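Values in this document were obtained by computation on a predicted structure and should not be read as measured data. Ligands are counted one by one from 1 in listed order, and the atoms in each one are counted from 1 as well.
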Amino acid sequence: MLLLISPDGVEEALDCAKAAEHLDIVDVKKPDEGSLGANFPWVIREIRDAVPANKPVSATVGDVPYKPGTVAQAALGAVVSGATYIKVGLYGCTTPDQGIEVMRAVVRAVKDHRPDALVVASGYADAHRIGCVNPLAVPDIAARSGADAAMLDTAVKDGTRLFDHVPPDVCAEFVRLAHASGRLAALAGSVTQADLGPLTHIGTDIVGVRGAVCEGGDRNAGRIQPHLVAAFRAEMDRQAQVHAAGVPAVN
Ligand SMILES: O=C[C@H](O)COP(=O)(O)O
């Protein structure tokens with residue numbers, strides 16, 4: 001399982017760089033613009049320059065509306081700025097067909113510029129609170145649009161977690177559906193170390209984290225702490241060993 005960490009700007013990205021050996025992907029977002037809020041192109045560029053070259057930079061394109069043209073241009077901006085994982089939050093898409101239309105436009109815009117960039121279609125575990133597409137529709141949206149990964153995050157950061165909205169057995173189905181069409185499965189949403197057992201057990205490819213590696217577990221007031229990134233990774237490694245040894249997951 002890969003560890004994706006989301007700093008909110010250049011300063012925190014430098015803290016991520018100090019913990020670079022413990023993480024796999026640095027994810028640029030602007031949390032004050034939403035769960036998958038998009039940051040500025042120059043911030044993506046600065047963060048790309050600040051983190052080691054062997055660590056991919058991801059960028060969120062936003063909690064996007066159902067506007068394929070607008071979103072495709074934003075996605076191109078992210079990849080031109082140096083991101084090689086392009087994450088799109090399908091906030092304004094109320095049907096799978098709308099999600100597919102948006103993601104097809106994004107895939108074309110991104111891959112025309114950089115064929116090796118990975119496109120991530122993200123839904124929301126708490127979709128019922130915002131009226132967007134059902135979480136279990138996202139793997140099919142990713143598959144039918146040619147995106148590389150299906151993801152879930154939470155839209156409302158109020159302390160509720162991924163598993164509060166989509167329990168582990170449903171997340172397992174999400175992962176199974178993504179894998180069935182050859183996509184990666186990424187899961188996030190106030191994930192804590194306690195969630196790593198089930199996430200490992202169900203075969204999650206990427207876990208996305210912010211709050212759990214911030215001071216005091218506070219994704220807004222706290223700052224990312226390199227020692228918390230190291231501790232999170234240590235627990236991931238421990239769970240990977242437990243899983244490899246065939247011990248059932250305990251939540
Ligand atoms: O993509 C990952 C998100 O930034 C997760 O943030 P969070 O762990 O604070 O919910």
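Between the side chains of Tyr85 and Asp148, no donor-acceptor pair is found at a separation under 3.5 Å.
For atom 4 (O) of ligand 1, the nearest non-hydrogen atom of the protein is Lys29 NZ, 2.6 Å. Regarding atom 6 (O) of ligand 1, its nearest protein heavy-atom neighbour is Arg219 NH2, 3.1 Å. Closest to atom 8 (O) of ligand 1 among all protein heavy atoms lies Arg210 N, 2.9 Å.
Counting heavy atoms closer than 4.0 Å to ligand 1, residue Ser190 contributes atoms from both its backbone and its side chain. Contacts between Leu36 and ligand 1 below 4.0 angstrom, taking non-hydrogen atoms only, are absent altogether.
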Evaluate the criterion salt bridge (charged side-chain N to carboxylate O under 4.0 Å, His left out) for residue pair Asp15 and Arg223; output intermediate values, then yes/no. CA-CA 9 Å; Asp15 287 330; Arg223 312 296 302 165; 5.7 Å; no
What do the steps show when you test Val191 against Phe232 for side-chain contact (heavy atoms from CB on, under 4.5 Å), and what is the final call? CA-CA 11 Å; Val191 164; Phe232 199 89; 4.2 Å; yes
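Atoms of ligand 1 lying under 4.0 Å from at least one heavy atom of Gly211, given by number and element, are 7 (P), 8 (O), 9 (O). Taking every non-hydrogen atom of Leu4 and a distance limit under 4.0 Å, the qualifying atoms of ligand 1 come out as 1 (O). Atom numbering of ligand 1 starts at 1 in the shown order; those under 4.0 Å from a heavy atom of Ser6 are 1 (O), 2 (C), 3 (C), 4 (O).
Look at Arg210 and Asp8 and you find a salt bridge, because one of the NZ, NE, NH1 or NH2 atoms lies within 4.0 Å of a carboxylate O, short of that distance. Of the charged side-chain nitrogens involved, at least one lies within less than 4.0 Å of a carboxylate oxygen, so that Asp126 and Arg129 count as a salt-bridged pair.
At least one heavy atom of Lys87 sits closer than 4.0 Å to an atom of ligand 1. Close to ligand 1: Gly189, with a non-hydrogen atom less than 4.0 angstrom away.
Using the six-membered ring where Trp is involved, His128 and His165 have ring planes that are tilted, between 30° and 60° apart.
A donor-acceptor pair under 3.5 Å is absent between the side-chain atoms of Arg108 and the main chain of Val106, judged by distance alone.
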